[in-house]
Engineer: 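Have a look at this one.
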2 protein chains.
Amino acid sequence: MPSVTRNRKDSPQQSAKRREAIEQSLVNATNELVAGGQSFTEISVNELARTAGISRSTFYVYFRDKGDLVGRISQQMTNELIVATSCWIPYAEKAVWADIRQTVLNLMSVYERHGALMAALIETAAYDAEVAELSRQMMTRLVDQIRVGYDRITADNKHNPVGNGDVVKVLPFMLERCCYFYARGRPASELEWLAESMTQVLWSSLYNPELMPDKSAPPSMVG
Amino acid sequence: MPSVTRNRKDSPQQSAKRREAIEQSLVNATNELVAGGQSFTEISVNELARTAGISRSTFYVYFRDKGDLVGRISQQMTNELIVATSCWIPYAEKAVWADIRQTVLNLMSVYERHGALMAALIETAAYDAEVAELSRQMMTRLVDQIRVGYDRITADNKHNPVGNGDVVKVLPFMLERCCYFYARGRPASELEWLAESMTQVLWSSLYNPELMPDKSAPPSMVG
DNA sequence: GATAAATCGGACACCATGTCCGACCAATAC
DNA sequence: GTATTGGTCGGACATGGTGTCCGATTTATC
């Protein structure tokens with residue numbers, strides 16, 4: 001006898017707890033499959049679900065599609081990145097080289113541990129408008145974060161403010177993209193040069209502005 | 001009467017000229033469709049071909065798939081980017097602020113004019129291994145280019161070499177990603193702040209290294 | 001006007017997607 | 001025990017894009 005009260009459409013009285021458990025299984029499955037050499041895009045929902053130990057049907061009970069899953073992951077990643085900067089930003093005005101370096105290493109560590117998820121995020125953002133927006137928000141939050149640091153630095157009288165505060169809109173892209181390219185899934189400990197280089201760019205852009213160039217000199221070559 | 005000599009498999013005695021003409025039509029179609037709001041990934045081969053004024057069948061005569069097309073485009077884009085740096089790199093040791101700024105503007109201009117193609121390149125690289133490799137090569141070539149400039153700067157006795165030459169592996173990612181994010185399809189003339197910011201990062205990272213920070217100071221906060 | 005090249009339309013098998021449903025399997029309630 | 005219920009499962013379904021193939025038609029060339 002078919003149940004009449006049964007309503008599939010607005011089913012979700014699924015406990016948030018259960019949803020999170022499934023999400024975790026899917027995250028593990030993603031890591032596993034990406035480690036096996038596939039890109040996230042070419043992993044089918046079926047493959048993903050099976051590897052996570054659930055059926056394709058069940059996947060669609062909890063997530064609209066792969067993009068929906070990635071969207072949730074994206075929130076986590078964003079938070080991790082923000083946290084990674086917390087040993088520098090709140091004290092930016094009195095930070096030394098080593099503080100910035102540590103922040104950079106923290107960021108790299110996120111990409112080391114969550115390389116597959118970061119790849120999934122970036123890949124999906126390429127074709128899924130909703131995820132693209134989330135990825136955009138991730139960058140915006142990083143920019144805001146760096147801006148807080150910048151403001152603290154310039155408010156401090158030790159440092160002569162650089163003319164252009166918009167550098168903060170530029171630096172996070174260097175960080176994100178370099179970590180993505182060089183540090184994804186790789187131990188940060190083997191990437192000393194990367195930590196050093198990114199630290200240097202941050203340092204010289206934010207803490208080194210006293211040495212103003214002569215901006216008025218005419219270009220020596222034609223563009 | 002069916003032609004016996006006709007061999008479809010290794011057909012391409014298609015003149016390179018014709019291929020380029022078709023490629024150009026497809027490039028235009030891509031611009032048109034992307035301008036219409038779609039992402040390159042969600043444009044079907046049929047739609048792309050029809051907009052370019054050819055049939056789907058003909059598309060497959062000249063290109064294996066969309067990735068093949070994007071691959072060819074990628075070469076062009078890479079070249080344009082390299083050329084964009086030519087007003088700076090060869091004279092890097094005697095360059096002034098305005099020279100770097102001009103290079104940055106040139107780069108932005110590439111993204112202004114070819115925004116759709118750049119998007120197609122990045123999107124496709126996300127799931128097509130072959131295109132991903134080409135996109136990787138694009139970055140590598142930019143790194144090499146910046147390195148040439150760096151070597152000229154450090155060889156010159158005017159500038160005290162910075163400790164870490166690996167900054168050159170980091171800077172192109174800032175340039176590429178920022179142009180992609182901020183300057184794609186947008187007039188460079190309205191993005192003064194971007195040009196200024198990117199120039200500043202380049203300048204302070206490459207020409208401003210005399211002011212060495214105290215790298216030995218212990219971190220003030222815990223990571 | 002004959003011949004070959006280039007293009008076209010259309011059919012084909014294939015595969016992933018997202019939706020839907022009935023069957024099943026627990027645990028709990030009566 | 002037996003019935004109900006929330007959750008899972010397998011499978012069917014329509015849909016839509018892919019890449020391949022071929023026969024037919026158009027276009028260019030001499």
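As the structure is a prediction and not an experimental result, all values here were calculated from the model. So you know, we letter chains A, B, ... as the sequences are listed, proteins then strands, and number each from 1.
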Engineer: What's the closest nucleotide to the side chain of B/Val45 if the choices are C/dA6, C/dA16, D/dT18?
Structural biologist: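 Shortest atom-to-atom distance from the side chain points to D/dT18.
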
Engineer: What's the closest nucleotide to the side chain of A/Ile22 if the choices are D/dT18, C/dT19, D/dT8?
Structural biologist: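 Shortest atom-to-atom distance from the side chain points to D/dT8.
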
Engineer: Considering only heavy atoms and no angle criterion, is a donor-acceptor pair shorter than 3.5 Å present between the side chain of A/Arg56 and the base of C/dG18?
Structural biologist: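 By the distance-only test, yes, there is a pair.
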
Engineer: Can you see if the side chain of B/Arg19 gets near the phosphate of C/dA6 - specifically, an N or O under 4.0 Å from OP1 or OP2?
Structural biologist: no

Engineer: Is a side-chain donor or acceptor of A/Lys66 paired with a backbone partner of A/Phe40 at a separation under 3.5 angstrom?
Structural biologist: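 Present.
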
Engineer: Tell me the interatomic distance from B/Tyr127, atom OH, to D/dG17, atom C1', rounded to whole angstroms.
Structural biologist: 12 Å

Engineer: How many whole angstroms separate atom NZ of B/Lys66 from atom P of D/dG17?
Structural biologist: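 Distance check: B/Lys66 NZ to D/dG17 P gives 11 Å.
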
Engineer: More 5' along DNA chain C: A/Ser57 or A/Thr41, using each one's nearest nucleotide?
Structural biologist: A/Thr41

Engineer: Tell me whether A/Glu112 is salt-bridged to A/Arg186, with the criterion being a basic N under 4.0 Å from an acidic carboxylate O.
Structural biologist: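 Here A/Glu112 does not pair with A/Arg186 in a salt bridge, since their nearest N and O are not under 4.0 Å apart.
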
Engineer: Does A/Arg184 reach the main-chain N or O of A/Tyr180 with its side chain, forming a donor-acceptor pair under 3.5 Å?
Structural biologist: yes

Engineer: Is a salt bridge present between A/Glu133 and A/Arg136, judged by a nitrogen-to-oxygen distance below 4.0 Å?
Structural biologist: yes

Engineer: Does B/Asp68 pair with B/Arg72 as a salt bridge, N-O distance under 4.0 Å?
Structural biologist: yes

Engineer: Whole angstrom is fine here: how far is it from CD1 in A/Ile54 over to P in D/dG10?
Structural biologist: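 The answer, rounded to whole Å, is 11 Å.
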
Engineer: Just how far, in rounded Å, is P of D/dT15 from CD of B/Glu42?
Structural biologist: 21 Å

Engineer: Return the nearest nucleotide to the side chain of B/Ser44; candidates are D/dT8, D/dG17, D/dT20.
Structural biologist: D/dG17

Engineer: Figure out the CG/C1' separation between A/Asp68 and C/dG18, and round it to whole Å.
Structural biologist: 13 Å

Engineer: Among the candidates C/dT7, D/dG10, D/dT8, find the nucleotide nearest to the side-chain atoms of A/Thr58.
Structural biologist: D/dT8

Engineer: Check this one for me: any side-chain N or O of B/Tyr60 less than 4.0 Å away from OP1 or OP2 of D/dT18?
Structural biologist: no

Engineer: Taking the side chain of B/Asp65 as its heavy atoms from C-beta onward, which of C/dA6, D/dG19, C/dG18 lies nearest to it?
Structural biologist: D/dG19

Engineer: Rounded to whole Å, how long is the line connecting atom CG of A/Asn46 with atom C1' of D/dG11?
Structural biologist: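 It works out to 12 Å between those atoms.
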
Engineer: What is the distance, rounded to the nearest whole Å, between atom CZ of B/Phe63 and atom C1' of D/dT18?
Structural biologist: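 It is 17 Å, rounded to the nearest whole Å.
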
Engineer: Check whether any side-chain N or O of A/Arg18 sits under 4.0 Å from OP1 or OP2 of D/dG6, and answer yes or no.
Structural biologist: no

Engineer: So, is A/Tyr62 near the phosphate of D/dG7, with a side-chain N or O under 4.0 Å from OP1 or OP2?
Structural biologist: no

Engineer: Separation of A/Phe59 atom CZ from D/dG7 atom P, in whole Å?
Structural biologist: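 After rounding, the reported distance stands at 18 Å.
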
